[in-house]
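In this chain, residues are counted from 1 in sequence order. Counting starts at 1 for both ligands and their atoms, following the listed order. Just so it is clear, the model here is predicted, and its values are computed rather than measured.
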Amino acid sequence: MIRINENYTKLKASYLFSDIAKRVSAYVAANPSKAVIRLGIGDVTEPLPPVCVEAMHAATDEMAKRATFKGYGPEQGYAFLREAIAQHDYTARGCKIEADEIFVSDGSKCDCGNIQEIFAQDIRLAIPDPVYPVYLDTNVMAGRTGGNVDGRYEGVTYLDSTPANGYVPAIPSVATDLIYLCFPNNPTGAVATRAQLTAWVEYARKNKAVILFDSAYEAYIRNPDIPHSIYEIEGARDVAIEFRSFSKTAGFTGTRCAYTVVPKSVVAYDNAGNAHPLHALWNRRHTTKFNGVAYPIQKAAAAIFTDAGKQQTKALTDFYLANAKLIREAVNQLGFTCIGGDNAPYIWINTGRDSWEFFDTLLNQAQVVCTPGAGFGKCGEGHVRISAFNSRENVETALARIAKALK
Ligand code: PLP
C-alpha cells in the first residue's frame, strides 16, 4: 500500500493568501462598482529593465541559429553570469567569493526550500517569527519538527521579531545548528546592522552552526552602513550560505533567476565529527536535481551588471522605495508606528489590533488590500504588511482612501 509522507499532515494549512483572495472576491461580488487596490502582494508590477529585454532578445536570436544554438548549459550557471555576480555583488563590496562558489538557479524560493536536504534530520532549527513561510514549511515537510501546537511547531527555536527588539531577533540563549535569517526582512522590512550580523556570525562559529542568509531584498538597502551580504562580516565565509534573487532587484518574478552562494569553507559534520564542505554536497544535489536556467534568462540577468543595467535597476528599486516613503509618511500621519520601507519594499505597521480585523477595515472602508501579519507567524499578530510594489497612482489613491477611512 502506497503511503504518504505524514509530515505533510503536520503543516498548518496555509490559508493566508487564499483567505485574502476569498474575502476580496466576496467584497467585490457584493460591491461591483468599487475598485479594489491590492497593496498586499509581494510581486513586482513594473516591466523588466530595457537592458534585460534587449539581452533576452539577442540571446533568443542566438538560439535560432545552428552556429550559436545552446542545449543544456552548466547546471551551476554559465560562467559569464557567475563571474559577473562574483565581481559586482561580492568583490566590489570587499567580499571574497569566487565564481565557482555561486550556483545559479530559477529562484530563491526553491533554493531556500531545498537547501535543508543536505543537513541531518535531527539538527536544531532557529527560525524567525514572523517569517517567509518557506523556511519553516520545508523543514516541517522533511520531518524536522513536531506537531503544531498553538500556532508553533514543537522542536523549533523561534526567533521573535517584535517592537521590543526593533524587529531584529536576539541571539538565542540555547545552541542551535541551522539558523535562518532574512535581511532586509520579509515581511517586516527591518534591516540588521553590522554589529547585529557580527553577533550572529560569532554565535554560529561558537556553536559550529550554519546561517542561511536570505538577502533577496538587498538591492533596496540605501543606508550605507547596512551590510548587503553576510560575507561583509568577518568569519562568515566559514559559517554562512547566502541566497540572492533577481526577482525584486530587476523584476524577474516571472522571468525566474536567482543564485545561492556556498563558500568552499563552510562545513557541516558527520556522526563521527568529521567536517564536510557543504559546497560539494550542494553541488551534488544541484547537479542531480536541476538542469540549469535558460540561456536567454541568464543573459538577461547578466545585463543588470552593465553600467546601463545598474542605472536601470537602481531606478526601478528607487521607484518602489519612493512608493514606500509615501506609505510610511501616510501611516505615521495616521498615528501608527511602522518599520521598513526605507531599506526594503515592505512596511510593517503596528496596528495595535487584531490583524484580520484591521485587514477587513481597510478592505471594507478603503477598498485596499493589505496582508494580515498573523499569517506570517505568532509575532505577526497586531501587524499588517503593506507592499510598495504598485503603480504610483494606485499607491496615492490607496493612501488617500486609507486616510479618509481611518481618520
Ligand atoms: N526570499 C524571500 C524573503 C522572498 O520574499 C522571496 C519572494 O517573495 C523569495 C525568497 C523568493 O524569490 P524568488 O522569486 O527568487 O523565488
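Around CD of E357, the count of heavy atoms belonging to other residues, nucleotides or ligands within 6.0 Å exceeds 12. The number of heavy atoms from other shown groups lying within 6.0 Å of NZ (K325) does not exceed 12. Within a 6.0 Å radius of NZ in K96, other residues, nucleotides and ligands contribute 12 heavy atoms or fewer. The number of heavy atoms from other shown groups lying within 6.0 Å of CG (N5) is above 12. Sparse packing is recorded around NZ of K206, with 12 or fewer heavy atoms of other residues, nucleotides or ligands lying under 6.0 Å away.
In terms of protein heavy atoms, atom 5 (O) of ligand 1 is closest to Y217 OH, 2.6 Å.
Y78 and Y295 have their aromatic ring centers within a separation under 6.0 angstrom.
Near K248, meaning under 4.0 Å from any of its heavy atoms, are these atoms of ligand 1: 7 (C), 8 (O). Under a 4.0 Å criterion applied to the non-hydrogen atoms of G107, ligand 1 contributes the atoms 15 (O), 16 (O). Taking every non-hydrogen atom of D214 and a distance limit under 4.0 Å, the qualifying atoms of ligand 1 come out as 1 (N), 2 (C), 3 (C), 10 (C). For ligand 1, the atoms sitting less than 4.0 Å from at least one non-hydrogen atom of C182 are 3 (C), numbered in the order shown with element in parentheses.
Considering only heavy atoms from C-beta on, R385 comes within 4.5 Å of N186 through its side chain.
Checked by distance only, ligand 1 and Y346 stay at 3.5 Å or farther apart across all their nitrogen or oxygen atoms. Residue S245 places at least one N or O, backbone or side chain, under 3.5 Å from an N or O of ligand 1. By the 3.5 Å distance cut-off applied to N or O atoms, Y132 is not counted among the residues near ligand 1.
With a heavy-atom cut-off of 4.0 Å, F252 does not touch ligand 1 at all. The side chain of S247, and not its backbone, has at least one atom closer than 4.0 Å to an atom of ligand 1 (non-hydrogen atoms only; side chain from C-beta on).
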